[in-house]
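A short write-up of the structure that comes next.
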Protein chains: 2
Amino acid sequence: MVKRTSHQDTSCPVARPLDAIGDGWSLLIIRDAFDGLSRFGQFQKSLGLAKNILSARLQSLIAHDILRTVPAGDGSPHHEYVLTEKGLGLFPVLVALRQWGDEFFFDRTEPRARLVDKERRRPVAKVEVRSAGGRTLTPEDTVIEMRQDG
Amino acid sequence: MVKRTSHQDTSCPVARPLDAIGDGWSLLIIRDAFDGLSRFGQFQKSLGLAKNILSARLQSLIAHDILRTVPAGDGSPHHEYVLTEKGLGLFPVLVALRQWGDEFFFDRTEPRARLVDKERRRPVAKVEVRSAGGRTLTPEDTVIEMRQDG
DNA sequence: CCGTATCCATTCCGATACTG
DNA sequence: CAGTATCGGAATGGATACGG
């Protein structure tokens with residue numbers, strides 16, 4: 001009878017998304033979607049998770065308007081899962097997380113997947129938090145305020 | 001008998017961190033830590049979660065070297081939980097997530113907590129992914145490559 | 001090839017009682 | 001105040017069987 005607490009009612013923009021992507025699989029599905037995967041089987045092969053779990057995660061991501069389905073490009077009677085605008089908005093989050101993982105979860109010699117600028121063939125720059133004027137901000141330079149409008 | 005799959009063995013820097021922060025509470029604890037909270041009771045009051053859960057999450061974050069304990073500043077016999085270097089490295093991730101939540105999980109009129117530049121009192125700029133040369137990159141501008149070194 | 005349905009083990013989480 | 005111990009219900013995840 002005790003419901004799991006949702007974060008939808010808080011006024012914190014960090015908390016609300018966690019109902020949608022705060023689990024072990026959703027971000028990996030989204031990562032694969034950014035990487036061009038779109039078919040059920042592709043996700044399952046890439047992630048190695050059970051089909052029922054994948055199905056549930058995909059439905060949840062669709063319900064949260066992060067993925068949507070489109071008719072399959074080939075003649076197959078199925079559909080493909082692609083990122084919505086909202087889902088595409090996660091790009092900086094995913095890149096920042098990738099860079100953090102790259103820095104703190106790998107030995108120096110260990111090979112890893114890296115995100116590179118397609119044109120220059122060089123790793124993307126480290127994501128930074130900047131002021132409106134362009135200055136790089138540290139955590140101590142910032143503070144939380146309640147704001148009504150944007 | 002079936003163990004939960006860990007992501008520590010993959011070569012993807014997005015996947016590995018998810019064992020540490022891929023749940024509903026860890027990122028919120030880290031958010032509070034960035035916001036200056038450090039005591040057990042402060043976290044519990046802020047998050048409203050059961051004490052045993054909070055305890056387990058704090059221990060997990062310590063085990064992952066994201067938080068560490070320091071002797072309490074006041075005379076109390078307890079300690080405080082503060083971010084490690086690794087934990088501080090999550091700042092861009094948290095800001096990017098915050099901005100995404102701000103954009104897609106709130107009505108325009110709804111009040112919300114905003115991260116502002118302490119000095120200028122203006123919202124921080126939108127986190128962007130940039131090339132080594134400074135150009136802003138979209139998802140289509142990038143691709144994953146396997147790299148051996150940094 | 002794409003999913004859905006079922007079953008079961010594990011984990012997570014909330015409430016509460018208890019110790020220092 | 002700061003935790004630990006215990007319990008029960010809920011959600012998650014894995015394996016597999018099955019229908020389109």
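Letters go in sequence order (proteins before strands), and every chain restarts at 1. Since the structure is predicted, the reported quantities are computational estimates derived from the model, not experimental observations.
In this view, B:Asp65 satisfies the side chain to side chain donor-acceptor pair (under 3.5 Å) rule with no residue, not counting sequence neighbours. For B:Lys51, the side chain to side chain contact (heavy atoms under 4.5 Å, CB included) partners are B:Phe40, B:Gln44, not counting sequence neighbours. Partners of B:Arg16 according to the side chain to side chain donor-acceptor pair (under 3.5 Å) rule, which considers only residues two or more places apart in sequence or in another chain, are A:Glu110. Every salt bridge (charged side-chain N to carboxylate O under 4.0 Å, His left out) that B:Glu119 has, sequence neighbours left out, goes to A:Arg135. Legend: residues meeting side chain to side chain donor-acceptor pair (under 3.5 Å) with B:Thr136, ordered by chain and number and at least two apart, are B:Glu128. Partners of B:Arg39 according to the side chain to side chain donor-acceptor pair (under 3.5 Å) rule, which considers only residues two or more places apart in sequence or in another chain, are B:Asp74, B:Ser76. Checked against side chain to side chain contact (heavy atoms under 4.5 Å, CB included), B:Lys118 has the following partners two or more places apart in sequence or in another chain: A:Val143. Among residues two or more places apart in sequence or in another chain, the side chain to side chain contact (heavy atoms under 4.5 Å, CB included) test is passed with B:Ser60 by B:Arg57, B:His64.
Note: A:Arg98 CZ to A:Glu103 CD = 14.5 Å, rounded to the nearest 0.5 Å.
Within residues 19-48 of chain B, the residues approaching DNA chain D are B:Arg39, B:Phe40, B:Gly41, by heavy-atom distance under 4.0 Å.
Taking atom CZ on A:Arg57 and atom P on C:dC2, their separation rounds to 21 Å, with Å as the unit.
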When you compare the protein's N or O atoms with those of nucleotides 16-20 of chain D, which come within less than 3.5 Å of each other, and at what distance?
none

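Secondary-structure stems of DNA chain D, taken as three or more successive Watson-Crick or G-U wobble pairs (i with j, i+1 with j-1) under a 3.5 Å distance threshold, comprise C:3-20 with D:1-18.
Contact annotation: B:Thr5 side-chain N/O to D:dG14 OP1/OP2 distance is under 4.0 Å. In this structure, A:Ser55 does not reach the C:dG3 phosphate: none of its side-chain N or O atoms is under 4.0 Å from OP1 or OP2.
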Tabulate below the donor-acceptor pairs under 3.5 Å that side-chain atoms of residues 17-28 of chain B make, not counting sequence neighbours, or state none.
| unit_1 | atom_1 | unit_2 | atom_2 | d |
| --- | --- | --- | --- | --- |
| B:Asp19 | OD2 | B:Ser6 | OG | 2.7 |
| B:Asp19 | OD2 | B:His7 | N | 3.1 |
| B:Asp19 | OD2 | B:Gln8 | NE2 | 2.7 |
| B:Asp23 | OD1 | B:Ser26 | OG | 2.5 |
| B:Asp23 | OD2 | B:Trp25 | N | 2.8 |
| B:Asp23 | OD2 | B:Ser26 | N | 3.1 |

